[in-house]
Amino acid sequence: MELKNKRWTEEEFFKVREEVLNSWPTGKDVDLQEAVDYLKKVPEEKNFAIKLKKAKEAKVTLAQPRAGVALIPDHIELLNFLDKEGGADFLPSTIDSYTRQNRYEECEVGIEESEKAGRSLLNGFPAVNHGVKGCREVYESVNLPVQARHGTPDSRLLAEIIHAGGWTSNEGGGISYNVPYAKSVSIEKSLRDWQYCDRLVGFYEEQGITINREPFGPLTGTLVPPSMSNAIGIIEALLAAEQGVKNITVGYGQCGNLVQDVAAVRALEEQTEEYLEHYGYKDMVITTVFHQWMGGFPKDEAKAFGVISLGSIAAGLAGATKVIVKTPHEAVGIPTKEANAAGIRATKMALSMLGGQRMPDAKAIADEKAIIKAETKCILDKVLELGMGDLAIGTVKAFEQGVIDVPFAPSRYNAGKILPARDNVGCVRYLMTGNIPFSKDLLDFNRQRLEERGRYEGREVGFAMTVDDIFAVGKGTLIGRPEGK
Amino acid sequence: MELKNKRWTEEEFFKVREEVLNSWPTGKDVDLQEAVDYLKKVPEEKNFAIKLKKAKEAKVTLAQPRAGVALIPDHIELLNFLDKEGGADFLPSTIDSYTRQNRYEECEVGIEESEKAGRSLLNGFPAVNHGVKGCREVYESVNLPVQARHGTPDSRLLAEIIHAGGWTSNEGGGISYNVPYAKSVSIEKSLRDWQYCDRLVGFYEEQGITINREPFGPLTGTLVPPSMSNAIGIIEALLAAEQGVKNITVGYGQCGNLVQDVAAVRALEEQTEEYLEHYGYKDMVITTVFHQWMGGFPKDEAKAFGVISLGSIAAGLAGATKVIVKTPHEAVGIPTKEANAAGIRATKMALSMLGGQRMPDAKAIADEKAIIKAETKCILDKVLELGMGDLAIGTVKAFEQGVIDVPFAPSRYNAGKILPARDNVGCVRYLMTGNIPFSKDLLDFNRQRLEERGRYEGREVGFAMTVDDIFAVGKGTLIGRPEGK
Amino acid sequence: MEKKTVVLGVIGSDVHAVGNTILDYSLTNAGFNVVNIGVLSSQEDFINAAIETNADAIWVSSLYGHGEIDCRGMRENCEEAGLKDILLYVGGNIVVGKQDWDVVHKTFKDMGFDRVYPPGTSVEEGINDMKKDLGIA
Amino acid sequence: MEKKTVVLGVIGSDVHAVGNTILDYSLTNAGFNVVNIGVLSSQEDFINAAIETNADAIWVSSLYGHGEIDCRGMRENCEEAGLKDILLYVGGNIVVGKQDWDVVHKTFKDMGFDRVYPPGTSVEEGINDMKKDLGIA
Ligand code: B12
Ligand code: B12
């Protein structure tokens, strides 16, 4: 089957589906008609998509943690703890890293060893191994909507199992769950595999069941310039819409400069809606998710609370529909449930004390938003040009040519030619521009901003800045200045 | 001696001084000439006034905790801990409550009992009892500037002892350290006693030693409308300047709405400078201090971190020179040194990640600032009118007539006729306006804003709102809404 | 039924007035006759007010941390002044710092307080207890 | 003196690439010959690279929490493959969660790692240790 940005036919879908369900024993338990009946009984307050839509209408920012452990009872306990003791608005089920690589045998080992050790040896919930039954047990034992959060280039079986299990949202996308999470999966393959996941959601939509999809905005979480992640988010939204997805949450990882963060979220929301509209996708519900700082954290818990709270406030001021919460254990390891709940409480306190306030309109925000939109448009225009109008084909070519290029991505299908660094006020800019298709004005703008920093710090603009910036937040500042600056 | 806003003569000052120094045995150890020599040796980086001036020039926001225990060695250990483990930029010495009421005998008991118990039974450092020698021991054992923070209506002896002890800043003022901290001290008396403290600082200034003075901005810490605290801060700054004080930090306690907070700090700084200039005080160095939320805190430590961080961010965005830090133990009791250091670290992390960013210029800020300035001017105009041009006399009369009126103040010299409440976006407004000399426009504005809230909540504007607002932050929200709203 | 009388105040050199305002408001709303002697009140002030008004209970607030010193001997002083078996409640932030509540509770119980409340106690809880203790629940 | 060779990579199903980039950059700057096999590398990948390049040391990174499972038997596998006494270092966030460091350290020492580093270790520390261990300090 050739990759194209075109809705899969029933035939195409069901042919692939057979293969997918046969790839691991638990696949056989997915019965689509039975799943539709099951999902029809999900009450509104436990449907991810509906709760997001209502949050957007009410103009509130809701909080969601990350969390997942190997065994079902422990996982349920964890989720309910985050609801009751943390005050989470949405529940996650973070999937373990073996599942993400479709290595289900290793998951079996991890499950067994976890049972023996009495603690989770897996870094997440192995949903495929636990199957539809296990996922339903989780869904039925909690009071909030559940979403799978992972990083799986080929998430087709996972998607089948979780949705049939009552989980009404799936994070990921053909770019965002490949490039940061894989080394040797081609863009073509992951785009196609995620078309499957989207088509599955589209199928449910046609049966009257709304399911949320969420492209993973932060990518590598490390100094990704807003226009790059926004462009990818918009592409994934368009690809999903083509497959029939209606409820999409586009995401953004905090960069750290408040003006840039607010501008980026607003640009993302507006441009996503504009492009969907332009391509004629109707009745779409577009919401936004803001990820608290995704790069290296400070080890000290008090400092971590400072980072967490700043992220919450940025999310609130930007008007994001949802905020993904970090924890005071972030720098060290997967958090205890207590640390996780503490992160949510700090987040919700900051948000509720902000009381729905937005960043007041200001020229600085408008200017930054204009820059981000212009950069994003340059990328998207070029992608479409490369695909001769087909977004999927264009995306594959864009990666080949470094037109889309994610910094620090492990994927060998990513050019890895661009390098970011902060400017003198902490906004993330393009330092090495690789093959990014920007207008001369935009290239000059990025350069000028970085040179301003170079002058201030009395050093050349270069990779040393990037390295310093990578360590900066962990060490307690936003910008990695040379000593004494 | 009649109260007047006029610099005391040498004769007046030294006559009163004798009396002051005789009021407790340690007073005899203050030798002004020797103190001048001692203070001349204070290096720049340990001088509070100079460090503040430099911070203002460098446009950074520095952090200061509150802390004080009964015994000298423990107090020194505590302060050095807050420096090393917290990263404090300024050190405090919070004075115990007996000293604040000049009950030095009870301090002796507290000191003895603390020695016996092996823990501090006093809620602060009894500086008068420890005398010049004790204060110098503290000053000499730390690496940062030290300030006395208290709440003492008659702080004359305390001021003599701490300044001779090498502490280069004193918090307080004739209004701000009376009305929230005393029941039956007349305004006349406390204004006069603080003229003494200011004159002492003026005397040092004349000897070439710059000492900082800081009116206590937050007052009762409980829903004080910005214009009321700003008016009081400006009055205290003018009174201090008249006595020769040159380095003044005007203060503001976080109200919670970011726009109002930023506008209030900017209005405070600008109007203070305008009034000082108008009255011809030259070479003044005016800085600002922002107090993190001064009302009831949530008991949960994670939530407390959220409140602390939001306060830090508001301080940074407002461009305050200094922020006073709360701790995760705030709701429960005087913090351990660890909890105190954690509060500073969270604060500094949020500030340094903000990286010097200010709130971008916005119409909403300008509008709110205009309101605050207009209200403040109404109050100050009336005070001067009542004093027939004399600010000190006017202030006494203004209290008598409820022209200045601090909500929830224990003082019987405070009219207690105004009541505050939050409007529908969380700004603190005047609910009962008592005898506040506002123009009709301003009265209408306050009323309209509250009525907007009333409509939203479906209830009458009234005291129930105030009560709900008092508990709100402790319960996790900014505005005290009725249930289900 | 006759209104019960409560003497209310904040003990010692303590000026925290907000909680006191709220307690006054809530106790009054709950139907008690409130005699509020306010902040900065000595044991003597409490006792005198209780005698004068023939009070049924004394609510001592202490917020600022010196509660342990300020409350010492209060029961004995009540007895001496002839206030036999008057209900003595104390609440607020009654000791310095975050201490083990069981120990704090015992300390104040041993001093003769009938009820001892930790930080952040709701007014309703105190009122309900008092209604019970006065047999008007 | 001849350049020493270090095999560098991230073990198991782990894709954390940022630290790996930094380590590569810093080890190269410090004068080592770096053979970076990148993320998602199996024990076999490490061992093959070490044999092929006649390496002096292997730096294993594990960030994602499965380090304990992924590293098991690595020393034995090295020996079997003929890599006698090769320096084996491991660092990153090598176990799931915030655990007692002494226990974690011992676990990995017992597995045969020469040096075991906690989260947030600076690159310089590892480099200095290696210079010592290779006798080039
Ligand atoms: C950025 C990040 C990501 C990015 C990675 C992008 C990419 N492809 O590189 C994304 C978002 C994709 C991601 C995904 C995941 N992550 Co992640 N991630 C982080 C984060 C925030 C920063 C890592 C980083 O780049 N740091 C900066 C670099 C410079 O530092 P470093 O990696 O620590 O490396 C330095 C040192 O450790 C040391 N070092 C490393 N190895 C060695 C070896 C030797 C011998 C020596 C001497 C030194 C040394 O030197 C390095 C350079 O200075 C950390 C938490 C943190 N540290 O704050 C979590 C963290 C590592 N991730 C974690 C997890 C669980 C995951 C996920 C499983 C789940 C999830 N959150 O989705 C997936 C895993 C996917 C997979 N299969 O691996 C956990 C690991 C938990 C644990 N060990 O208990 C962490 C600790 C967060 C947490 N507390 O939960 N992550
Ligand atoms: C506002 C405030 C102030 C204001 C007070 C203004 C005023 N005149 O009222 C100002 C800024 C002036 C101030 C000053 C000081 N404060 Co103060 N203050 C607070 C704060 C933040 C809120 C208090 C409040 O108004 N809460 C809202 C009301 C409604 O709640 P409440 O007072 O707790 O009362 C309720 C309950 O406790 C209960 N309750 C109270 N008494 C009783 C009795 C009974 C029988 C019952 C059933 C219930 C009950 O019901 C009340 C109504 O709901 C608290 C910390 C906190 N709670 O977050 C610190 C706090 C009380 N202050 C403290 C201290 C140390 C001081 C100072 C000594 C030092 C300083 N920081 O400058 C001075 C003391 C001055 C003095 N001589 O008393 C400490 C006490 C420490 C301790 N016990 O270990 C606290 C706990 C802060 C801290 N963690 O350090 N403070």
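These values consider heavy atoms only, across backbone and side chains, with no hydrogens, waters or symmetry-generated copies.
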Non-hydrogen atoms of chain B under 4.5 Å away: do they reach the side chain of [X], the backbone, both or neither?
{"X": "A:D300", "result": "side chain"}
{"X": "A:P328", "result": "neither"}
{"X": "A:Q254", "result": "side chain"}
{"X": "A:I479", "result": "neither"}
{"X": "A:K303", "result": "both"}
{"X": "A:I344", "result": "neither"}

query: Where is the tightest heavy-atom contact between A:P360 and B:V259, given as atom of each residue plus distance?
result: CG-CG2, 4.0 Å
task: Kindly give the heavy-atom pair with the smallest separation between B:P298 and A:M349, and that separation in Å.
output: CG-SD, 4.1 Å
Sort out for me which of [options] touches chain A most, counting heavy-atom pairs under 4.5 Å.
{"options": "B:E301, B:K363, B:R345", "result": "B:R345"}
{"options": "B:A350, B:A346, B:A341", "result": "B:A346"}
{"options": "B:G426, B:A302, B:G306, B:A314", "result": "B:A302"}

message: For a 4.5 angstrom cut-off between non-hydrogen side-chain atoms, does B:V473 reach A:M353?
response: yes
field: Contacting region of B:L317 [heavy-atom separation from chain A under 4.5 Å]
entry: side chain
- prompt: In Å and rounded to the nearest 0.5 Å, what is the CD1 to CG distance from B:I313 to A:L310?
  reply: 4.0 Å
task: Measure the CG-CG distance between B:L351 and A:L478 for me, rounded to the nearest 0.5 Å.
output: 12.5 Å
